[in-house]
Trainee: 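Before we start, here is the structure in question, set down as structure tokens.
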2 protein chains.
Amino acid sequence: MQREPRANVVPAMGRQERGAVQLKDLAKQLNVSVSTVSRTVNGTGRVSAETRKRILAAIERTGYRPNEIARSLKRRSARTLGVVLADISNGFCSKVIKGVEKVASENEYSVFVCNTDEDVGREEDYVRLLLQNQVGGLVIATVGADSRLFQPYLDAGIPVVFIDNLPSMADSYNLVAIDNVKASRAIAQHLADQGHRQIAMLTGPLHQSTAAERTRGFREGLADSGIALEDEWIGVGEFKRESGYRIMREWLEREVCPTAVFAASDFLLYGAIQAIYEKGLTIPGDIAVACFDASDETGLLRPGITSVVQPAFEIGALAADLIMRRERNKEVKRFEKIVLEPNVVLRESSLRQL
Amino acid sequence: MQREPRANVVPAMGRQERGAVQLKDLAKQLNVSVSTVSRTVNGTGRVSAETRKRILAAIERTGYRPNEIARSLKRRSARTLGVVLADISNGFCSKVIKGVEKVASENEYSVFVCNTDEDVGREEDYVRLLLQNQVGGLVIATVGADSRLFQPYLDAGIPVVFIDNLPSMADSYNLVAIDNVKASRAIAQHLADQGHRQIAMLTGPLHQSTAAERTRGFREGLADSGIALEDEWIGVGEFKRESGYRIMREWLEREVCPTAVFAASDFLLYGAIQAIYEKGLTIPGDIAVACFDASDETGLLRPGITSVVQPAFEIGALAADLIMRRERNKEVKRFEKIVLEPNVVLRESSLRQL
DNA sequence: TTGAAAGCGCTAACAC
DNA sequence: GTGTTAGCGCTTTCAA
């Protein structure tokens with residue numbers, strides 16, 4: 001195919017050879033240099049009022065948008081954030097993402113979302129892939145405890161913010177999370193106050209710091225009321241529905257079974273509740289229940305579930321904001337730990353007198 | 001500060017000047033050219049078995065990973081997918097994302113997730129931002145009907161897949177969705193079969209094709225049973241809880257009110273149900289209800305809600321797969337429309353005899 | 001089979 | 001104020 005020789009005949013809006021208008025096209029059109037255009041686009045350096053106006057007009061007219069990939073290559077960092085979470089369908093996770101997204105979009109950042117399904121291998125793959133994509137920061141609820149995974153981020157000066165579990169690092173990490181111990185203590189206190197003495201806990205893998213902390217806090221809280229949390233009534237599974245169901249069923253088979261159950265995650269509890277109902281028991285009549293992050297998008301669930309409500313949106317927003325602040329002040333190299341107050345909401349599922 | 005003059009003294013694993021090991025580092029170490037390393041990394045072009053082995057070993061040893069940004073710039077397309085949806089907290093949306101993500105990660109793609117909250121302005125911003133980020137494809141449940149927004153994608157040959165609403169384009173788009181008309185007809189049929197005659201519909205903005213189709217299908221389905229869907233019983237709002245609540249309340253104030261309500265989205269219905277309960281009425285005793293995409297993550301909702309269940313995960317996966325196929329066969333420029341069969345699940349919320 | 005070199009679109013010295 | 005130019009890290013002709 002022959003090149004069109006009389007290119008000038010083609011008006012400015014004519015078919016573009018390949019893709020979008022770019023810096024040099026504008027420069028050529030306006031008889032200025034690419035750097036002048038670049039400077040006005042970025043508002044950096046001086047440009048005379050008149051040329052600026054012409055350039056802005058041309059940008060408007062042509063709909064020019066800078067190629068973010070080229071910018072990122074030059075800058076060696078993309079205006080993107082990676083968010084790595086267990087499961088986007090989970091209310092906590094989706095709210096965290098929304099929080100991250102809000103702050104990100106305010107800063108013209110885009111957000112990569114990655115579901116690990118609590119699979120350590122997938123987490124590793126994503127963490128690496130995001131690094132290859134030169135994300136400006138990483139927000140992660142990690143399930144693998146191996147902190148070496150994040151070393152390349154430290155080396156590259158890319159902020160990593162943990163919002164849930166902590167890997168086994170000394171001090172070189174950022175954290176935005178609630179005080180899990182305190183939250184669990186509060187629930188323990190509440191169940192004890194309600195008169196329960198046979199109390200069980202459903203929790204996740206204890207090598208995950210959240211599972212460990214929530215269990216510890218719960219045990220301590222019960223101890224404060226002179227109640228022992230027996231080992232046999234600490235059900236350790238995965239943070240999944242099936243685990244809660246299975247463990248609760250086993251408990252219900254025994255001669256004595258708990259009158260109150262606290263779960264370290266919502267799905268664990270939903271599984272347990274299913275087991276309780278299948279046995280023909282009622283909540284809170286026969287068994288009181290509570291958990292972390294009960295989230296009922298429908299607003300129709302009865303009974304309402306007593307719950308530690310993490311400020312998930314805020315956690316996401318704060319995590320993203322931390323990254324943005326680091327981005328602005330590259331010099332500030334300290335690590336930040338933001339620990340939020342837990343919020344406990346009492347609902348019917350644990351209230352004896354209704 | 002003075003440069004270290006005896007650089008060779010520093011072992012290979014020593015502190016890197018800046019960031020990660022890259023192609024030219026490997027090339028230098030192994031006394032081969034960057035192109036040879038590049039060829040073995042990508043498995044393109046011929047490389048002798050021996051050098052290939054040495055290079056792979058070095059990659060393993062150094063943990064080299066190609067910089068995706070640089071690749072993207074060269075390729076003029078990033079290995080990323082954009083997903084633009086109303087609200088990640090919605091069960092339909094989160095499942096779509098998971099479907100997209102599954103296929104994407106199988107292809108070493110990353111996924112940008114964007115919540116529009118049904119705001120046309122935000123949708124536009126995101127669509128443009130994703131283009132600037134050179135996404136390899138776009139999966140979108142659009143709310144704005146202006147097809148010009150997507151023209152730059154067409155021009156650049158970037159596949160756009162609609163999974164919900166259609167913009168007002170002629171034929172040049174891809175679609176993966178269920179047959180909304182058919183699904184709504186089925187619900188209409190069911191409610192008529194249950195003996196209902198005063199039937200109402202809650203729907204979204206009628207300029208959105210899904211809202212329009214669902215309404216049309218429902219009307220046609222009722223007509224098949226000789227029932228007219230009165231205009232006054234078509235409640236048009238936003239696809240949000242508040243709309244459902246507000247409209248249902250109005251209906252409940254009237255002398256005659258519907259005995260069955262069908263909602264074009266889950267949140268619309270949840271709002272309506274709240275209004276029904278506040279009025280002291282029961283479901284399905286007083287009013288039968290059904291909707292699109294009732295999703296109960298807890299599994300504890302009673303009554304279960306009769307619903308058109310879109311295969312959301314599959315929709316996402318098919319949409320992503322379509323993009324991947326286009327990516328492989330750039331030559332294939334046709335557009336695809338994949339219409340899936342609707343799946344209707346009858347539950348207690350609409351069953352008279354329980 | 002391998003290497004040299006030209007970009008991909010942009011930013012930022014540095015020179016004028 | 002403005003322009004020239006050297007890369008950012010990679011892929012890909014084109015020669016050798």
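Numbered from 1 within each chain, the chains take letters A, B, ... in sequence-line order.
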Trainee: Find the distance A:Asn31:CG to D:dT2:P and express it as a whole number of Å.
Mentor: 13 Å

Trainee: For B:Thr44 and A:Ser33, find the nucleotide of DNA chain D closest to each by heavy atoms; which residue's nucleotide sits nearer the 5' end?
Mentor: A:Ser33

Trainee: Whole angstroms only, please: what is the CZ-P distance between A:Arg75 and C:dA13?
Mentor: 14 Å

Trainee: Using only modelled atom types and a 3.5 angstrom limit, is any donor from either the side chain of A:Lys74 or the base of C:dG9 paired with an acceptor on the other?
Mentor: no

Trainee: Looking at C:dG7, does its base get a donor-acceptor pair with the side chain of B:Arg76 below 3.5 Å?
Mentor: no

Trainee: To the nearest angstrom, how far is A:Gln22 atom CD from C:dG7 atom P?
Mentor: 14 Å

Trainee: C:dC10, C:dC8, D:dG9: which one has an atom nearest the side-chain heavy atoms of B:Asn67?
Mentor: D:dG9

Trainee: Let me know the distance between CG of B:Leu23 and C1' of D:dC8, rounded to the nearest Å.
Mentor: 14 Å

Trainee: Quick check: any donor-acceptor pair below 3.5 Å linking the side-chain of A:Ser35 to the base of D:dG3?
Mentor: yes

Trainee: Taking only the side-chain nitrogens and oxygens of B:Thr36, find out if one of them lies under 4.0 Å from OP1 or OP2 of C:dG3.
Mentor: yes

Trainee: In the structure I gave you, are the side-chain heavy atoms of B:Arg326 and B:Pro159 within less than 4.5 Å of one another anywhere?
Mentor: yes

Trainee: Give a yes/no answer on whether the side chain of A:Tyr64 brings an N or O atom under 4.0 Å of OP1 or OP2 in C:dG9.
Mentor: no

Trainee: Using OP1 and OP2 only, check whether a side-chain N or O of B:Arg71 sits under 4.0 Å from D:dC10.
Mentor: no

Trainee: Would you mind classifying the nucleic acid contact of A:Ser48 as base, sugar-phosphate or nothing, using non-hydrogen atoms under 4.0 angstrom?
Mentor: sugar-phosphate

Trainee: Which residue, B:Leu73 or B:Arg52, contacts DNA chain C at a nucleotide closer to its 5' end, judged by nearest heavy atom?
Mentor: B:Arg52

Trainee: Would you call A:Arg54 and A:Glu50 a salt bridge, taking side-chain N to carboxylate O under 4.0 Å as the test?
Mentor: no

Trainee: Salt-bridge test for A:Arg71 and A:Glu68: reply yes if a basic N is under 4.0 Å from a carboxylate O, no otherwise.
Mentor: yes

Trainee: Select base, sugar-phosphate, or nothing to describe what A:Val32 touches, counting heavy atoms under 4.0 Å on all strands.
Mentor: sugar-phosphate

Trainee: Do you see a donor-acceptor pair shorter than 3.5 Å between the side chains of B:Ser35 and B:Ser38?
Mentor: no

Trainee: Does A:Asn42 have a side-chain nitrogen or oxygen under 4.0 Å from the phosphate oxygens OP1 or OP2 of C:dT11?
Mentor: yes

Trainee: Does B:Ser72 put a side-chain nitrogen or oxygen below 4.0 Å from OP1 or OP2 of C:dC8?
Mentor: no

Trainee: Record whether the side chain of A:Arg39 comes under 3.5 Å of the base of D:dG3 through a donor-acceptor pair of N or O atoms.
Mentor: yes

Trainee: Taking B:Asn174 for its side chain and B:Phe335 for its backbone only, find out whether a donor-acceptor pair lies under 3.5 Å.
Mentor: no

Trainee: Using whole Å, what does the distance between atom P of nucleotide D:dC10 and atom CD1 of B:Ile55 come to?
Mentor: 14 Å

